[in-house]
Protein chains: 2
Amino acid sequence: MAGTRDHDGHRAAPTLHDVARLAGVSIKTVSEVVNRTGRVAAATTSRVDSAVRALGYQPNLSARRLRTGTTGVIGLAVPELSMSGYFNELSALVVRAAGERGLTVLIEETGGTREGELRALRGPRRSVMDGLLLSAVALEEPDVPEPATLAPTVVLGERRLGAVLDHVTFGNEEAARLVTEHLLQLGRRRILVLAGDPTRSATAARRLAGHRRALHAAGVAPSPELVRPVGTWDHAAGYAQVRAACREALEFDAVFAMNDSLALGGLRALHDEGRDVPGAVAVAGIDDVVDARYAHPRLTTADPHREVLADLAVRTLAERITHPRRPAVVHEVAAELRVRGSTSAAAEHAPV
Amino acid sequence: MAGTRDHDGHRAAPTLHDVARLAGVSIKTVSEVVNRTGRVAAATTSRVDSAVRALGYQPNLSARRLRTGTTGVIGLAVPELSMSGYFNELSALVVRAAGERGLTVLIEETGGTREGELRALRGPRRSVMDGLLLSAVALEEPDVPEPATLAPTVVLGERRLGAVLDHVTFGNEEAARLVTEHLLQLGRRRILVLAGDPTRSATAARRLAGHRRALHAAGVAPSPELVRPVGTWDHAAGYAQVRAACREALEFDAVFAMNDSLALGGLRALHDEGRDVPGAVAVAGIDDVVDARYAHPRLTTADPHREVLADLAVRTLAERITHPRRPAVVHEVAAELRVRGSTSAAAEHAPV
DNA sequence: ATGAAAGCGCTAACAT
DNA sequence: ATGTTAGCGCTTTCAT
């Protein structure tokens with residue numbers, strides 16, 4: 001019989017013990033066979049293997065973790081898994097990249113707050129994971145616990161948590177600069193900015209900085225009234241702000257959104273207001289989300305190369321897990337401008 | 001000193017023992033204080049609490065699980081977390097709903113294959129989770145292990161895994177019927193169907209059945225050439241099939257896509273082909289993805305009420321975890337038609 | 001009200 | 001080549 005029944009008639013999962021008894025060997029031998037470690041005689045191995053199959057034995061990862069500190073589970077903490085957009089796509093890619101390395105991903109939302117990020121960084125959930133990928137937006141350097149205390153951690157996004165932790169970052173400032181430069185080159189001078197709060201989000205701060213730098217380089221004075229704050233970085237916020245700007249008769253000939261969701265919301269608002277895109281208003285975002293490529297018109301944006309980023313992040317974390325004492329590394333992935341129909345009518349009819 | 005240093009100078013996480021020593025009590029007392037269980041004197045409690053804070057103690061969930069079989073981690077196994085679309089939004093909602101109940105979500109991709117789903121159902125990862133939410137598309141009833149063997153499991157999607165497991169399903173057939181009826185009422189008779197493989201996906205089979213039922217009820221004969229197979233249910237596939245249909249000069253006055261990603265891809269293809277939507281071709285999908293509401297024109301679709309679904313799923317699983325022996329339950333969430341501009345020009349200018 | 005100790009399933013010294 | 005056993009951190013009976 002596979003396993004033992006508890007008083008309820010419920011069957012407990014078979015353990016090494018059960019397998020050992022069935023195969024007539026010691027549990028150590030079973031452990032070695034299961035993990036393909038140590039040298040076990042071929043005959044014994046196959047006997048154990050069939051016992052494993054007969055019982056449907058599966059190692060208990062909690063027990064293994066308790067003993068060895070390893071589970072094959074890594075954590076991914078993001079501000080929030082909104083319905084659509086960057087973190088959603090990123091986590092899909094992280095799950096994929098992790099899966100390719102035999103790792104499973106535990107997803108946590110931090111809400112983008114200091115408390116949430118601290119909870120991810122040192123909360124009890126850490127004890128089931130081998131390492132953590134943290135998309136930090138609120139955490140400040142002094143919050144980071146003494147490195148020796150910290151289990152393997154890789155920070156995603158702006159480098160802000162000191163030189164102690166590995167970082168995989170994306171050129172946020174560069175991306176915003178590229179997009180803004182592109183709009184300026186098209187002759188646009190009144191660029192509406194859909195901007196996250198730079199005091200609460202490092203990403204927002206970097207992107208705003210890049211935008212300003214491009215304006216400055218082109219000799220265009222920044223107009224405070226063109227910067228429209230958004231709380232959440234989603235379609236609804238982009239729609240609301242652009243719609244409001246139109247109603248207020250604010251003059252603008254371009255929209256630079258800090259991400260594609262905002263841009264797509266803004267695009268929709270412009271349709272509803274009857275403004276021609278890109279004729280009257282050019283629109284661009286950052287992220288190169290899938291839906292950007294299928295919008296009407298297609299959305300010009302900066303591609304952060306999320307696949308590269310996700311793969312690099314998982315690889316860096318895997319490295320850190322196997323080599324906890326190596327010095328911290330920093331990887332930066334460059335952004336790439338994708339010009340499409342929302343800024344250039346010519347680009348709209350190029351091949352997909 | 002917080003914790004002990006290992007030979008490497010690396011600091012081990014503090015344990016109940018460390019806290020007990022610092023507070024001058026036994027580890028049992030500490031355990032009771034940490035879990036707010038049993039009656040401990042107020043003075044002792046506060047002494048322990050400050051020791052916990054001083055050391056930054058965090059319970060080791062692997063050890064707890066080993067002892068009690070509980071971690072606060074649940075699994076979510078989906079066919080695949082594509083870049084955008086249904087499962088993406090669903091998992092975001094599940095993570096949210098789980099978070100509200102203090103649960104964390106371990107995400108797994110099954111690839112939509114029998115092996116992948118079996119792996120999720122009985123693989124070693126189960127030993128770190130309290131329960132599993134399984135979006136089964138390939139698994140057949142006989143694959144399901146004897147229920148007594150199985151840890152808490154709730155199946156999402158079509159009811160196909162017998163009466164043994166809890167199911168939270170969505171009215172797939174109903175949804176497809178609603179959408180098709182709507183298109184027929186508009187006078188459309190040549191409906192192009194972007195259809196997943198009904199032999200490989202139960203969802204596809206149900207949706208196709210609903211579509212056919214609506215056709216039949218309206219006395220419209222189904223035309224095999226109008227059913228275009230798609231491998232993946234994403235934008236690219238929808239784009240490719242609609243584009244191909246146009247090039248082949250296939251006549252159609254509507255597109256019914258089995259999900260919104262396909263529909264949005266198709267919509268883009270129609271733009272590129274210069275077909276008027278909804279004038280020449282009406283387009284509708286299923287899922288009510290965020291981007292459907294911001295597409296141009298806005299996409300008519302069937303809303304599966306994902307929030308309700310996600311919440312119900314998590315709640316059902318939580319119930320199952322606390323009451324393993326209760327009889328299995330089935331919940332079905334009804335679909336709701338959302339008429340928008342992609343089928344009705346009038347609807348396009350209604351309030352968002 | 002608090003403490004001592006067993007044992008969850010596993011790995012890895014240490015024995016044989 | 002295989003077996004015995006300690007102990008990872010925790011909860012929980014059983015004593016006190």
Side-chain angles (χ1 to χ4, degrees), chain A residues 2-4 6-7 10-21 23-48 51-52 55-72 124-128 130 151, chain B residues 3-4 6-7 10-21 23-48 51-52 55-72 124-130 151:
Chain A
T4 355
D6 68 11
H7 62 93
H10 227 69
R11 191 174 289 176
T15 73
L16 279 188
H17 250 102
D18 300 319
V19 178
R21 196 166 16 192
V25 297
S26 86
I27 73 166
K28 144 131 187 308
T29 305
V30 179
S31 172
E32 286 183 346
V33 170
V34 168
N35 298 310
R36 307 285 157 195
T37 158
R39 33 204 164 279
V40 184
T44 322
T45 300
S46 72
R47 198 143 40 91
V48 170
V52 163
L55 262 45
Y57 169 78
Q58 294 287 358
N60 182 319
L61 295 186
S62 292
R64 180 179 292 171
R65 157 94 195 186
L66 193 53
R67 194 54 237 254
T68 64
T70 256
T71 50
R125 297 283 188 259
R126 289 233 61 161
S127 53
V128 285
D130 295 348
Chain B
T4 354
D6 68 11
H7 60 94
H10 227 68
R11 190 175 289 177
T15 72
L16 279 188
H17 249 102
D18 300 318
V19 178
R21 196 166 17 194
V25 296
S26 87
I27 73 168
K28 149 143 188 297
T29 307
V30 180
S31 172
E32 287 183 344
V33 170
V34 168
N35 297 311
R36 306 286 157 195
T37 157
R39 22 184 187 286
V40 183
T44 321
T45 301
S46 74
R47 199 143 39 91
V48 170
V52 163
L55 262 46
Y57 169 78
Q58 296 286 358
N60 182 319
L61 295 186
S62 291
R64 181 177 290 171
R65 158 92 195 186
L66 193 53
R67 194 54 238 250
T68 64
T70 254
T71 49
R125 298 284 188 258
R126 288 232 62 161
S127 53
V128 285
M129 348 182 288
D130 295 347

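Numbers restart at 1 for each chain; the letters A, B, ... are given by sequence-line order, proteins then strands. From a predicted model like this one, the values you see are computed outputs, not experimental measurements.
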Does any non-hydrogen side-chain atom of [Y] lie less than 4.5 Å from one of [X]?
X       : Y       : result
A:Asn35 : A:Arg64 : yes
B:Thr45 : B:Arg36 : yes
B:Thr15 : B:Asn60 : no
A:Ile27 : A:Glu32 : no
A:Val48 : A:Val25 : yes
A:Tyr57 : A:Val30 : no

| request: May I ask you to say what B:Thr44 touches in the nucleic acid, namely base, sugar-phosphate or nothing, with a heavy-atom cut-off under 4.0 Å? | output: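 Sugar-phosphate, backbone atoms only, no base.
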
Could you check how far [atom1] of [X] sits from [atom2] of [N], rounded to whole Å?
X       : N      : atom1 : atom2 : value
A:Arg64 : C:dT11 : CZ    : P     : 5 Å
B:Arg65 : C:dG7  : CZ    : C1'   : 16 Å
A:Leu16 : C:dG7  : CG    : C1'   : 15 Å

| query | How far apart are the closest heavy atoms of A:Arg65 and A:Arg126, and which atoms are they? | reply |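 Looks like NH2-O, 3.8 Å.
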
| Polar side-chain atom of B:Thr71 near backbone of B:Val128 as donor-acceptor pair, under 3.5 Å |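 Present.
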
| Nucleotide range of DNA chain D contacted by chain B, 5' to 3', under 4.0 Å to a heavy atom? |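 Both ends considered, the range comes out as D:dG9 to D:dT13.
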
| said: Heavy atoms within less than 4.0 Å of DNA chain D: which residues of residues 25-35 of chain B have one? Give them sorted by number. | reply: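 Close to the strand are B:Ile27, B:Lys28, B:Ser31, B:Asn35.
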
| Between B:Arg47 and A:Ser62, which is nearer to the 5' end of DNA chain C once each is assigned its nearest nucleotide? |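 Checking each residue's closest nucleotide, the 5'-ward one belongs to B:Arg47.
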
